[in-house]
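Scroll down for the structure; my scribbles are underneath it.
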Amino acid sequence: MTEEKNRVPFIDMLKGIAVLLVIIGHTIESGLGAGYTEPEIFYNNPVHIFIYSFHMPLFMLISGYLFSVSMGKHPSRMNFINRIRSLVVPNVSWCTTILIIGLWKRILSSGLNSIMEDTSWFTQWCYNLLHLFWFIWAVLASSIIVIIVHALWKDKLLIYVALLLFMLLLPGKFQEHIFVYPYFIMAYMAGKYNLLTKFSNITFKIKATILCMVTVFYFWLLRFYGYNTYVYVSGVSLTNCGEGYASFFQKLGLDLYRWGIGLLGSFVMIAVAYVFWIAIKRKKILSPLIICGKYSLQLYCSNPIAVMLVVPLILRVISPCDMKDLFVIVILEVLLEAAFSCMIAVLIARNKALSLIYTGRFRKWEKSKQTSAPAL
């Protein structure tokens with residue numbers, strides 16, 4: 001059975017929604033020119049707040065659930081090799097490509113001597129390799145933890161919790177990785193114990209009540225999301241509480257709030273996507289979202305390139321003078337960046353060498369014949 005036939009279109013659609021939210025968030029941050037790139041500006045944007053309250057937790061939940069399927073089908077050694085190949089190889093390849101494009105632009109503007117005299121580009125490449133696509137490293141780290149705990153302690157939940165508590169006491173720089181780790185573990189355990197099927201077996205009335213309560217609670221919590229709530233600003237470490245958090249317990253409360261709203265927001269988006277999936281009878285209408293989800297890794301990694309090429313083009317045509325212009329600019333940039341990234345993804349999928357370099361594996365270009373969605 002081919003990988004293509006094993007795909008579940010609903011999950012691809014969900015991944016497509018998540019990666020488009022990533023593109024929108026990045027566009028709000030860097031797509032409006034230098035005058036709008038201050039964190040204090042975009043971190044207080046209501047759309048940005050909505051997206052960042054759950055979009056990476058949603059991605060991590062999907063990754064953890066899919067990894068539970070892989071762990072059930074393949075031995076741990078094979079899963080480890082596949083993770084290294086499908087995550088580390090693309091990270092190195094995309095960071096190197098971004099470096100080459102940056103050097104090429106620099107040569108065109110300042111000449112070849114500029115990169116010979118100033119070698120800071122190498123330091124920037126190393127930094128990008130570790131931090132630009134931090135989510136890839138977070139997935140890899142969480143996957144390796146699962147493989148080890150599964151092999152040594154048979155997936156004991158206490159071990160996963162103890163590891164989280166240990167990571168919360170670390171003062172290191174990898175705050176985002178620690179933040180998304182619990183979502184991966186929760187989804188992995190849910191997949192292992194088939195909790196989605198158990199949830200689908202309860203009555204519709206109870207499911208509807210639960211989802212309504214989750215939705216109301218999420219939007220109530222969203223009111224309190226602010227600048228210091230972002231994990232990039234305050235981190236998750238309990239040893240470095242930072243400015244504005246006088247005590248250990250205040251910081252712990254912030255972390256619990258952040259994890260809670262991320263989980264609730266993800267549940268709301270999954271529920272909305274599922275209702276949307278059921279309501280649309282002609283699945284071809286959803287093909288753009290499914291394609292985006294199918295190539296979500298390529299869209300995520302090629303987005304910095306799309307930003308470098310699309311943003312200057314749009315800002316030459318439209319200057320961000322008022323809120324109406326800002327809205328138009330963001331919409332145009334999101335559409336063009338998504339289209340550009342999708343074209344790059346299709347090109348990679350059609351070429352075996354490019355597929356190996358940028359995804360770590362060969363991909364076969366063929367239409368998926370499945371249209372079923374997993375039961376919720």
Side-chain angles (χ1 to χ4, degrees), residues 15-45 47-52 55-56 59 90-110 120-121 123-137 176 230 232 288-289 291-293 295-321 325-348 354 358-359:
K15 289 166 62 181
I17 294 172
V19 77
L20 286 177
L21 290 175
V22 171
I23 293 174
I24 295 171
H26 289 173
T27 302
I28 294 174
E29 292 177 14
S30 58
L32 302 177
Y36 297 88
T37 56
E38 292 296 326
E40 290 80 3
I41 296 176
F42 61 75
Y43 276 170
N44 291 312
N45 182 289
V47 178
H48 194 273
I49 288 175
F50 171 73
I51 291 173
Y52 274 72
H55 76 317
M56 282 309 183
F59 249 134
N91 189 27
V92 174
S93 300
W94 284 107
C95 286
T96 303
T97 300
I98 292 170
L99 171 68
I100 292 172
I101 293 174
L103 291 177
W104 175 68
K105 292 177 64 177
R106 189 170 171 181
I107 291 173
L108 290 179
S109 63
S110 305
S120 60
W121 53 266
T123 304
Q124 184 62 44
W125 178 78
C126 294
Y127 178 85
N128 286 347
L129 193 64
L130 293 176
H131 296 284
L132 182 60
F133 303 122
W134 65 265
F135 182 77
I136 292 178
W137 292 114
E176 303 94 339
Y230 287 88
Y232 313 104
L289 286 176
I291 292 174
C292 287
Y295 302 116
S296 58
L297 176 64
Q298 293 93 312
L299 267 67
Y300 172 65
C301 292
S302 64
N303 184 240
I305 300 175
V307 169
M308 283 193 293
L309 298 177
V310 170
V311 170
L313 178 64
I314 295 296
L315 293 181
R316 287 179 186 176
V317 180
I318 306 175
S319 298
C321 298
D325 290 336
L326 298 182
F327 178 78
V328 172
I329 289 172
V330 169
I331 294 298
L332 287 176
E333 287 179 349
V334 167
L335 292 175
L336 288 177
E337 288 172 20
F340 173 85
S341 296
C342 282
M343 288 190 293
I344 294 297
V346 170
L347 176 64
I348 291 172
L354 292 178
Y358 288 104
T359 70

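- Going from atom CG of L335 over to atom OG1 of T27 covers 9.5 Å, rounded to the nearest 0.5 Å.
- A distance of 6.0 Å separates CH2 of W121 from CG of L103, quoted to the nearest 0.5 Å.
- For the pair I305 and T97, the minimum side-chain heavy-atom distance is below 4.5 Å.
- The number of heavy-atom neighbours closer than 6.0 Å to OH of Y127, taken from other residues, nucleotides and ligands shown, is 12 or below.
- Rounded to the nearest 0.5 angstrom, I331 CD1 and I329 CD1 are separated by 11.5 Å.
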Given the rule in the side chain to side chain contact (heavy atoms under 4.5 Å, CB included) test, do L99 and Q124 qualify, once you have shown the distances and angles that lead to the verdict?
CA-CA 8 Å; L99 171 68; Q124 184 62 44; 5.8 Å; no
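- Here the closest non-hydrogen pair linking C292 and L20 is SG-CD2, 4.3 Å.
- Taking every heavy atom of both residues into account, I344 and W94 meet most closely at CG2-CH2, 3.8 Å.
- Between V22 and F59 the shortest heavy-atom distance is CG2-CE1, 3.8 Å.
- S93 places no side-chain N or O within 3.5 Å of a backbone atom of P90 that could act as its donor or acceptor partner.
- How far OG of S296 is from CD1 of I291: 13.0 Å, rounded to the nearest 0.5 Å.
- A pairwise comparison of heavy atoms in I136 and L297 identifies CD1-CD1, 3.9 Å as the closest pair.
- Between I24 atom CD1 and I51 atom CD1 the span is 5.0 Å, to the nearest 0.5 Å.
- Residues E337 and V311 are in side-chain contact: their nearest non-hydrogen atoms beyond the backbone lie under 4.5 Å apart.
- Nearest heavy-atom pair, P304 versus F133, reported as atom, atom and distance to 0.1 Å: CG-CE2, 3.9 Å.
- For Y43 (side chain) and Y230 (main-chain N/O), no donor-acceptor pair under 3.5 Å exists by modelled atom type.
- For W134, the side-chain hydrogen bond (donor to acceptor under 3.5 Å, both in side chains) criterion is met by no residue, not counting sequence neighbours.
- When every heavy atom of W137 is checked against every heavy atom of L129, the shortest pair comes out as NE1-O, 2.7 Å.
- M308 CE to K105 NZ: the interatomic distance, rounded to the nearest 0.5 Å, is 6.0 Å.
- Aromatic ring orientation, H48 versus F42: tilted (interplanar angle from 30° to 60°).
- Using modelled atom types, one finds no donor on one side chain facing an acceptor on the other under 3.5 Å when comparing Y358 with S302.
- H55 meets the ring pair (Phe, Tyr, Trp, His ring centres under 6.0 Å) test with Y52; sequence neighbours excluded.
- A heavy-atom distance below 4.5 Å is not found between the side chains of V19 and Y295.
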